[in-house]
A.B. asks: 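I'd like to ask you about the structure that follows.
Treat the numbers as computed from the prediction; the structure is a model and nothing was measured. These values consider heavy atoms only, across backbone and side chains, with no hydrogens, waters or symmetry-generated copies. Residue numbers start from 1 in every chain, and the chains themselves are labelled A, B, ... in the order their sequence lines are given, proteins ahead of strands.
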Protein chains: 2
Amino acid sequence: MTHPSQTAIQATRPQRSKNRKQQIIEFALELLQTRGFENFSYQDLSLELGITKASIHYHFPKKEDLGVALCAGIQHWHQTMFQEIMANDVPAIEKIRIYINGLLNYAMGNNKICPLSSLQADVTSLPPAMLPALRDLDNHELEFIANVLEQGRNNGELSFPGEAIHQAAIVVLSVKGALQYSRIHGPELLQPTLKQIEQLLQT
Amino acid sequence: MTHPSQTAIQATRPQRSKNRKQQIIEFALELLQTRGFENFSYQDLSLELGITKASIHYHFPKKEDLGVALCAGIQHWHQTMFQEIMANDVPAIEKIRIYINGLLNYAMGNNKICPLSSLQADVTSLPPAMLPALRDLDNHELEFIANVLEQGRNNGELSFPGEAIHQAAIVVLSVKGALQYSRIHGPELLQPTLKQIEQLLQT
DNA sequence: GTCTATACACCGATAGAC
DNA sequence: GTCTATCGGTGTATAGAC
């Protein structure tokens with residue numbers, strides 16, 4: 001006699017080990033945003049997740065392997081955010097707001113900044129294997145925002161001087177900079193500065 | 001019989017040890033800008049300067065002491081730059097250009113960024129004794145630029161919406177962000193983005 | 001997949017001679 | 001002021017048992 005119910009229970013039981021890799025990535029992403037890639041260790045991860053350093057080395061033999069996986073995790077976040085922006089048929093300024101809020105939500109917990117800002121700051125110490133992924137992430141983000149701005153200006157919804165890619169750089173860099181700034185100086189300047197960025201697109 | 005000439009020679013001889021402290025600060029500032037405070041060591045300094053780690057500990061017993069001295073060095077740079085700006089009776093947009101060029105010159109050597117951006121990125125790992133100095137430096141810089149912008153708008157030389165302090169945040173954070181970005185992606189986007197920032201002040 | 005145990009390099013920091 | 005020598009702690013990484 002077989003016991004199909006057991007099989008079902010097995011299948012729906014929380015499979016802790018199967019998602020270990022993802023658990024590691026998620027907590028490492030948080031540490032990347034709060035402390036930077038060179039300032040967290042396998043020990044930090046092992047203490048949080050309740051397994052030993054050696055176990056983490058099983059999933060990511062070298063820290064550079066973890067670093068590349070973190071870049072892939074950031075890419076996944078980007079994809080989700082960009083798809084959400086393109087899915088909604090809203091004015092261009094609203095698309096920019098969704099982008100800004102997506103960034104804010106991703107760094108909402110205390111003392112977090114944009115993961116790409118964090119990687120950029122440490123770039124001279126990073127394992128070289130991470131650099132191509134980092135470059136691609138930066139490029140894609142900037143070009144996506146530039147496209148939104150350019151289409152908005154063509155629609156007559158937005159107004160700004162110069163080329164869209166340079167205006168996109170100002171938007172992206174200002175938002176991330178304001179996030180990093182608010183970690184030290186508190187949130188007072190954050191919201192009004194973000195509003196100011198929006199205003200510059202409508203003058 | 002005395003030997004006054006010897007005394008004179010002694011006084012004009014290059015006093016290597018007397019300036020050691022300053023030598024350390026200057027090279028440490030470079031390492032701060034290229035690698036970040038937590039990613040350079042007393043060993044890095046000792047190899048460059050040709051003295052041992054212990055000797056550096058004589059000048060700066062703890063690394064936090066060196067960190068505080070680095071903040072003072074940054075303040076000195078700020079003072080010089082801000083005085084140069086105020087000394088010249090030039091249009092407000094020209095004062096902004098002097099600020100931007102001052103920042104660029106200070107980070108001209110390869111792979112350097114603004115030292116304050118570097119400290120901000122590492123803020124959760126820094127010795128707490130450095131934080132007040134870091135906050136003051138950030139505040140003073142932002143308020144100085146806000147003053148330049150506000151006076152320029154009152155003069156009719158500049159035109160921008162909203163409050164000067166929020167526009168100043170966009171200017172300062174964009175410039176530093178563009179500097180950090182160009183370290184990874186090359187200089188192509190740097191100059192046109194800086195021009196774009198200037199254009200936004202004259203619309 | 002997770003563990004214990006360990007290797008080796010580097011870190012900040014101190015003691016004491018010169 | 002600079003040195004040699006050393007300490008305790010932590011970093012990444014690996015070997016091998018279970």
A.B. asks: Check whether NZ of the Lys or CZ of the Arg B/Lys21 lies under 6.0 Å from the centre of the six-membered ring of B/Tyr58 and within 45 degrees of that ring's axis.
C.D. replies: no
A.B. asks: Does a side-chain N or O of A/Thr52 approach OP1 or OP2 of C/dC3 to a distance below 4.0 Å, or not?
C.D. replies: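 The answer is yes; a side-chain N or O of A/Thr52 sits under 4.0 Å from OP1 or OP2.
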A.B. asks: Which whole-number value in Å describes the distance from A/Leu49 CG to C/dT2 C1'?
C.D. replies: 13 Å
A.B. asks: Round to the nearest Å and state the distance from B/Lys53 atom NZ to C/dA15 atom P.
C.D. replies: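 Interatomic distance, NZ of B/Lys53 to P of C/dA15: 15 Å.
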A.B. asks: Round to the nearest Å and state the distance from B/Lys63 atom NZ to C/dA13 atom P.
C.D. replies: 9 Å
A.B. asks: What does A/Phe40 touch in the nucleic acid at a heavy-atom separation under 4.0 angstrom: a base, only the sugar-phosphate, or nothing?
C.D. replies: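 Contact class for A/Phe40: sugar-phosphate only.
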A.B. asks: Separation of B/Leu31 atom CG from C/dC11 atom P, in whole Å?
C.D. replies: 12 Å
A.B. asks: Counting side-chain heavy atoms from C-beta on, which of C/dT2, D/dT14, D/dC3 comes nearest to B/Ala54?
C.D. replies: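 Of all the options, the side chain of B/Ala54 is nearest to D/dC3.
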A.B. asks: Given D/dA13, is OP1 or OP2 found less than 4.0 Å from the side-chain N or O atoms of A/Lys62?
C.D. replies: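 It does not, given that no N or O in the side chain of A/Lys62 lies less than 4.0 Å from OP1 or OP2 of D/dA13.
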A.B. asks: Starting from C1' on C/dC11, measure out to CG on A/Asn39 and report it in whole angstrom.
C.D. replies: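 It works out to 12 Å between those atoms.
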A.B. asks: Scan B/Tyr42 against the nucleic acid and name what it touches under 4.0 Å (heavy atoms): base, sugar-phosphate only, or nothing.
C.D. replies: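 Sugar-phosphate contact only.
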A.B. asks: In whole Å, I'd like the distance from the NE2 atom of A/His59 to the C1' atom of C/dC3.
C.D. replies: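 These atoms are roughly 12 Å apart.
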A.B. asks: To the nearest Å, how far apart are A/Gln23 CD and C/dT2 P?
C.D. replies: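 So the CD-P distance, A/Gln23 to C/dT2, works out to 9 Å.
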A.B. asks: If you compare every side-chain N and O of A/Ser55 against the phosphate oxygens of C/dG1 (OP1, OP2), does one of them come in below 4.0 Å?
C.D. replies: no
A.B. asks: Would B/Lys63 pass as a cation-pi partner of B/Phe40, given that its NZ or CZ must be under 6.0 Å from the six-membered ring centre and within 45 degrees of the axis?
C.D. replies: yes
A.B. asks: Can you tell whether the side chains of B/Asp44 and B/Arg35 come within less than 4.0 Å, N to carboxylate O?
C.D. replies: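 Yes.
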A.B. asks: Any side-chain N or O of B/Gln43 less than 4.0 Å from the OP1 or OP2 oxygen of C/dC11?
C.D. replies: yes
A.B. asks: Please confirm whether B/Phe82 and B/His140 have ring centers closer than 6.0 angstrom.
C.D. replies: yes
A.B. asks: For D/dG1, does either OP1 or OP2 sit under 4.0 Å from a side-chain N or O belonging to B/His57?
C.D. replies: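 B/His57 to D/dG1 OP1/OP2: no side-chain N or O under 4.0 Å.
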A.B. asks: What I want to find out is whether B/Lys176 reaches B/Glu141 closely enough, with some N-O distance under 4.0 Å, to be called a salt bridge.
C.D. replies: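 Between B/Glu141 and B/Lys176 there is a salt bridge, with a charged N closer than 4.0 Å to a carboxylate O.
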A.B. asks: In whole angstroms, how far is the C1' atom of C/dC11 from the CD atom of A/Glu38?
C.D. replies: 14 Å
